[in-house]
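Below: the structure, in structure tokens.
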Amino acid sequence: MKKKTGLISQQMSAQRRPLVLLGGVSLALGAAIVGQAVLLAESVEKIFVQRASLSSVAVMLVVLLGVMAARTLLSYGNGRIGLQMAARAKTDMRAAVLRKLTKASMPMALRGQTGGKVSVVLDAVDEADSYFSQYVPRMMEAAIIPILILAVVFTQHMNSGFIMLVTAPFIPIFMVLVGLKTKNKSEEKFAQLAEFSGTFLDSLQGLVSLKLFGRARDHQQDIERSSMGYRDATMDILRIAFTNTFMLESIVMLGIGIVALELALQLLVFKSLSFHTAFLILLLVPEFYGLLKNTGTAFHSGRTSMGAIRKVEEMLEETQAEEAATSRREGADHRDGTGELDGTTAVDKPGTSGGGFIQMPPSIELRDVRFQYTPDSFELAVGSISFAPGEHIAIVGKSGSGKTTLLHLVAGLLKPVSGEVLVNGSALQSDDEASWFDHVSYITQHPFIFAGTFADNIAIGAGRDVSRADVEQAAEAAGLAAVAAVLEHGYDTFVGEGGRGLSGGEKQRLALARAFLKRPAVILFDEPTVGLDLHTERVLQLSIAELASKATMITVAHRLYTIKDADKILFMDNGALLGCGRHEELLARLPQYAEMVDAHRKGRFA
Ligand code: ADP
């Protein structure tokens, strides 16, 4: 009847116990429903037809009350099991999405709209709730209880049984027809919602630029358009849902009507039926159709959920292909057996973090590395280069020549299309990734400032619990103490989204303070392109020098002094490595380099 999606079958096999429990409770519920009808029919027969005294039926009435209470409890139990299954499924799905996003490579994780992803993680997963909390319990009930009722009716009066048997299939047939339609509609609704969230968040984040370029109105219209699209998709689903309910009610009324008519004829005209039997059947018939009808409603919400679950799955699948490619590559590396460390002399190991497999600072080697973001786009091919432990490398070149891309490749944030990056002679496996990142600090011009206090934002760099004194010491070393001193609440001032903003120079020093807490063995430094004031410039220079004294440092360099002091300069042009050597060497050998240095001297180079 329906094609289960991968995530659903995964959940079904993971949650076998609650499913079995659900089956057991449904069976008991069926017994309670039949028992209640039998007892009620019996009591009415005794009191009104046989005119028995109240005391003679008292016990039966008490039992009836007990059965009613049990029925309520069982019904509640089924609901609870459903809710628990839903809660677990949602937690699992969110965890799976987050795991995928954190494991995926950087370009993969950043692809697409942030708002769209948020909507999948929050809304789509929430929408999946009703599949487990309503659809599954109702379906389980529908698979057990109506059959039980039908069996009882057949033993009492065959004709009614046949009428029920003939009319009942109309309900599932109708459900399937409507369900098929709603599934597509609900997928459409989710696509609309994701687009709406995406447009909204993008506009919010870029509000300053939009205002400056006078495009705020256009974007407002975009948001309006996508919100209208979402509204239309929702209204479509509601329309189908209402028509669905109306049709189901009609079928149910008709079914009950026909059975009642037949019973009346048998009871009054042909006198071939006892009052007790007729009444019992009349009590059971609405239960029978009621259950099927509930299933119809649950089926509808189940379908809506499946549309949402499909969205979550699509997001998971997107990263799947890339993951498979990575593991194939890593499998090949394992077979090559380059796992042994080369014998580079270990310089004393800085910091406290211990990633046993790496001697620190490490030697880094690029072997025939080639990289492309997408096929037919910018290509970076730098051939083979190696950096000795503790070396300071400067990457220079025009804007767009591939400096940042090269830095990200060395950091392991991007994976080469071909060739490999070797750390201490062995390729990084994804299992080593965490311990490798334990040794790396990336000081960017635009570090992410989380919504939190100034101190929290520094402490995050350590990757472990650190004391307030450590944080203040790191801030001091990065030249941030003076900044903290003038903040309204000092280190406890709220910064980041919704808090106080930080200037470019402050942000970079924050990144530096994070690095001071970590004391990394590998520093990736994206030097500021814009001129900072002399004092900040000086603080940065000194702090970086201190931090880099025991580390391998790779800098995307824009300052002449950084370039001149580097042990090795990589001169990039349009994705290729034009030259590699010390300042004097390149000056003598490479006219383009001499030209760049000249431009720097004249202050024409950023
Ligand atoms: P640089 O740091 O030297 O200014 P980059 O390494 O940032 O240069 O960029 C090199 C080239 O790669 C540019 O042409 C840029 O447009 C392209 N590029 C950078 N990032 C991406 C990305 N995420 N996706 C596709 N192309 C990119």
message: Test side chain to side chain contact (heavy atoms under 4.5 Å, CB included) on K46 and R51; report intermediate values, then the result.
response: CA-CA 6 Å; K46 282 233 163 73; R51 307 257 167 219; over 6 Å; no
query: Run the side chain to side chain contact (heavy atoms under 4.5 Å, CB included) check on Q266 and H157 step by step: do they pass?
result: CA-CA 10 Å; Q266 296 286 357; H157 183 58; 3.9 Å; yes
query: Can you check side chain to side chain contact (heavy atoms under 4.5 Å, CB included) on L414 and Y373, steps first, answer last?
result: CA-CA 9 Å; L414 296 175; Y373 286 99; 3.9 Å; yes
query: Hey, mind stepping through V49 and H276 against side chain to side chain contact (heavy atoms under 4.5 Å, CB included) and telling me if it holds?
result: CA-CA 9 Å; V49 181; H276 176 268; over 6 Å; no
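Aromatic ring centres of H408 and Y442: separated by under 6.0 Å.
Side-chain contact between I223 and S203 is present, with at least one heavy-atom pair separated by less than 4.5 Å. Side-chain contact between L502 and I449: present, with at least one pair of heavy atoms (C-beta onward) separated by less than 4.5 Å. Using a 4.5 Å cut-off on side-chain heavy atoms (C-beta onward), L413 and F437 make contact. Inter-residue side-chain proximity for Y289 and I171 is flagged as met; some heavy-atom pair is nearer than 4.5 Å. The closest side-chain heavy-atom distance from D126 to R94 is below 4.5 Å. Looking only at side-chain heavy atoms (C-beta outward), S43 and L61 come within less than 4.5 Å of each other. Residues E287 and L292 fail the side-chain proximity criterion, which asks for heavy atoms closer than 4.5 Å. Counting heavy atoms from C-beta on, the side chains of R80 and Q84 come closer than 4.5 Å.
Considering CG of L65 and CE of M60, their distance stands at 13.0 Å, rounded to 0.5 Å. Interatomic distance, L148 CG to L291 CG, rounded to the nearest 0.5 Å: 10.5 Å. A distance of 5.5 Å separates CD in Q156 from CG in L280, rounded to the nearest 0.5 Å. Rounded to the nearest 0.5 angstrom, I81 CD1 and M140 CE are separated by 9.0 Å. S133 OG to K90 NZ: the interatomic distance, rounded to the nearest 0.5 Å, is 7.5 Å. A distance of 8.0 Å separates CZ in R99 from CG in D92, rounded to the nearest 0.5 Å.
Checking each of L284, T277, L283 against I281 for a side-chain contact (heavy atoms from CB on, under 4.5 Å) leaves exactly one that passes, namely T277.
Defined by atom type and a distance below 3.5 Å, a donor-acceptor pair is missing between the side-chain atoms of Q372 and S377.
Heavy-atom minimum distance, F371 versus P416: CD1-CA, 4.2 Å. Across all non-hydrogen atoms, the minimal contact from F154 to G161 is CZ-C, 3.6 Å. The two atoms that bring D236 and R239 nearest to each other are OD1-NH2, 2.7 Å, heavy atoms only. Across all their heavy atoms, F448 and N457 have their closest contact at O-OD1, 4.2 Å. For Y131 against S305, the heavy-atom pair with the smallest separation is N-OG, 3.1 Å. In plain terms, the two heavy atoms of S227 and F196 that are nearest each other are CB-CE1, 3.4 Å.
At distances below 3.5 Å, at least one donor-acceptor pair connects side-chain atoms of E313 with backbone N or O atoms of L7.
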Can you give the donor-acceptor pairs under 3.5 Å from side chains of residues 15-37 to other protein atoms, not counting sequence neighbours?
unit_1 : atom_1 : unit_2 : atom_2 : d
Q15    : NE2    : Q11    : OE1    : 2.8
Q15    : NE2    : M85    : O      : 3.1
S26    : OG     : L22    : O      : 2.8
S26    : OG     : N78    : ND2    : 3.3
Q36    : OE1    : R71    : NH1    : 3.2

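Heavy atoms from other residues, nucleotides or ligands lying under 6.0 Å from OH of Y76 number 12 at most.
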